[in-house]
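Only one structure is covered here, and it is reproduced in the block below.
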Number of protein chains: 2
Amino acid sequence: MPVSIIPPVLNPDLRKSAAANSAAAKPKGAFILAAEKAQNPSLNYLLGTLPAADMASLSEHLELVPLRLGDMLYEPNTQLQHAYFPTSAIVSLHYVTASGASSEISGVGNEGMVGISLFTGGNTTPSSAMVHTSGYAYRLERSQLKTEFNRNGKLQQILLRYTQALITQVSQTAACNRHHSVEQQLSRWLLLTLDRITSGEFVLTQELVANMLGVRRESVTAAAASLQDIGCISYRRGHISVINRKDLEKCSCECYAVVRKETQRLLGVS
Amino acid sequence: MPVSIIPPVLNPDLRKSAAANSAAAKPKGAFILAAEKAQNPSLNYLLGTLPAADMASLSEHLELVPLRLGDMLYEPNTQLQHAYFPTSAIVSLHYVTASGASSEISGVGNEGMVGISLFTGGNTTPSSAMVHTSGYAYRLERSQLKTEFNRNGKLQQILLRYTQALITQVSQTAACNRHHSVEQQLSRWLLLTLDRITSGEFVLTQELVANMLGVRRESVTAAAASLQDIGCISYRRGHISVINRKDLEKCSCECYAVVRKETQRLLGVS
DNA sequence: TGCTGTCTGTACGCTACCGAACATATGAGA
DNA sequence: TCTCATATGTTCGGTAGCGTACAGACAGCA
């Protein structure tokens, strides 16, 4: 039953103080994607919807940090110190069972935020947050987030809406885990992830995807081979590319469409 | 694949105006449980935590309604008109797939509220809310809930904490659906439901439980028989009784304990 | 008391997915 | 260019849960 998870990477950048705000512009972060454009908070949809005035007061507290594959943003029942607003990174919220098996609860990309529990008041959760696609995120200190949230402005409004979008995604994951095949779930996962990146190609192994879905690596291999035969995707060692998005949507269960539609409706984005 | 759901019951009580506030004391509601004590908003934990002052302003807007097995409190993508705070009723939030199969996303009893999306701002959800244990709930009109929530008082605080508890339960359902056996899931579901009632006996069919878990009725029959053999539960046509709670906890996966612990931590109850 | 609808028990073949073991092939780094 | 860690391919038996079908048994009601 135990499914091996990527060994957590200690990303020294994540330990730096806010003083080292420009760290991301230095080599340590630059390796992630050389061609990546200069980062900007508004690349995150939640931050992007804030009026200029709100953003002005917030921006001095936002710290750009590079997130790398395997970085743990939080672990079960440990106090979160920051909320993360991904711009190009993608984070997986997942739960690891007592027997060591894992499964993703929800993904978080540039449409969302990691650290809901900071403003709901719980501060910790039984789940973990792991980076599965390297990139950048802006982070905000715990106390700052709480302060901003309690201003009852646009940030509170959009975070509450995002919370509902998150609940929708988690709910859909629950139903999907119950009723849909691995191939359908793989299609759903690829589509949801595709919506969070710009490139159309994923840099990840089938083993990692298997951990996300909570299935065996072999099951992912079989499903991926099937999708490749149909011509939806193509893949090679450590890479997956979506070739035909329309066909991939046909291979997915409705869960993808439900989540996407709700996310668009609630946040006005995708 | 299609799993038949109980045909939605049109509960005339739910259509009455606030003027018929005392409806619950009349025969229509009385049948539910003759021995049931007079209802009181503080039987719901969320309402129960409110300071007297907050409660005073709220209580005039709270309407006691009887909820009966099969009542639908909301359906996918339709505007909610009320938030419900169960006292003795239990509601199932569930999703019905495109092929007609259903599975529970979370249960809501006297520890919670049905209608989160009213204050998050979405107003609708892709899921449904169906009563699976008859009883009572206090309800609050949509606009009243929003007004109260935006006061930024204790109600907002406790609702945000409840939202996190809900996310925990949904997340755990997702992981449980992926990794645990029907017998473990049945045990978890019975325990969670047991925490929401006072009697120790459930009035429900195996078919209904199967719809909740999203599995076949026969799978529930087998799991229930197994639990009965062990001596955890006993059941007869339309009734399930928990005989030995400790043993039932041993038959459950850790998901029950995780949800219960988090609920207690976040709400200080259950 | 007897009828009847509904709830529960049982059986059968089937399929998807699991667990384990091992073969092959890729590509990053020496 | 070669090496080797690691990613992917393949196989095989096992099993949990599904879909279907039907039998028995309970309980509400006439």
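Order of the sequence lines fixes the chain letters, A, B, ..., with proteins taken first and strands second; residue numbering starts at 1 for each chain. Predicted model only: the values in this text are computed from it and were never measured.
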Would you kindly say whether B:Asp195 and B:Tyr256 are connected by a side-chain donor-acceptor distance under 3.5 Å?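 Note: B:Asp195 and B:Tyr256 side chains meet the donor-acceptor criterion.
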Between B:Gln206 and B:Arg237, do the side chains contain a donor N or O and an acceptor N or O under 3.5 Å apart?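 Per modelled atom types, B:Arg237 and B:Gln206 side chains form no pair under 3.5 Å.
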Would you kindly give the [atom1]-to-[atom2] distance between [X] and [N], to the nearest whole Å?
X: A:Leu186; N: C:dA16; atom1: CG; atom2: P; answer: 16 Å
X: B:Ile240; N: C:dT8; atom1: CD1; atom2: C1'; answer: 11 Å
X: B:Phe202; N: C:dC7; atom1: CZ; atom2: P; answer: 18 Å
X: B:Gln185; N: D:dA16; atom1: CD; atom2: P; answer: 14 Å
X: A:Leu69; N: D:dT6; atom1: CG; atom2: C1'; answer: 14 Å
X: B:Glu183; N: D:dA16; atom1: CD; atom2: P; answer: 11 Å
X: A:Arg178; N: D:dA16; atom1: CZ; atom2: P; answer: 15 Å
X: B:Leu208; N: C:dT6; atom1: CG; atom2: P; answer: 15 Å

Contact pattern, 5' to 3', of nucleotides 8-15 of chain D - B, S or - by protein heavy atom under 4.0 Å: BBB-----
Distance test, side-chain N/O of A:Ser219 to OP1/OP2 of C:dA16, below 4.0 Å: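 No, A:Ser219 has no side-chain N/O under 4.0 Å of OP1/OP2 on C:dA16.
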Is the side chain of [X] donor-acceptor paired with the backbone N or O of [Y] at a distance under 3.5 Å, no angle test?
X: B:Ser171; Y: B:Ile167; answer: yes
X: B:His179; Y: A:Ser102; answer: yes
X: B:Asp71; Y: B:Arg68; answer: yes

Side chain to side chain donor-acceptor pair (under 3.5 Å) for A:Tyr138 and A:Glu63? Distances and angles first, verdict last. CA-CA 5 Å; A:Tyr138 282 87; A:Glu63 177 190 3; over 6 Å; no
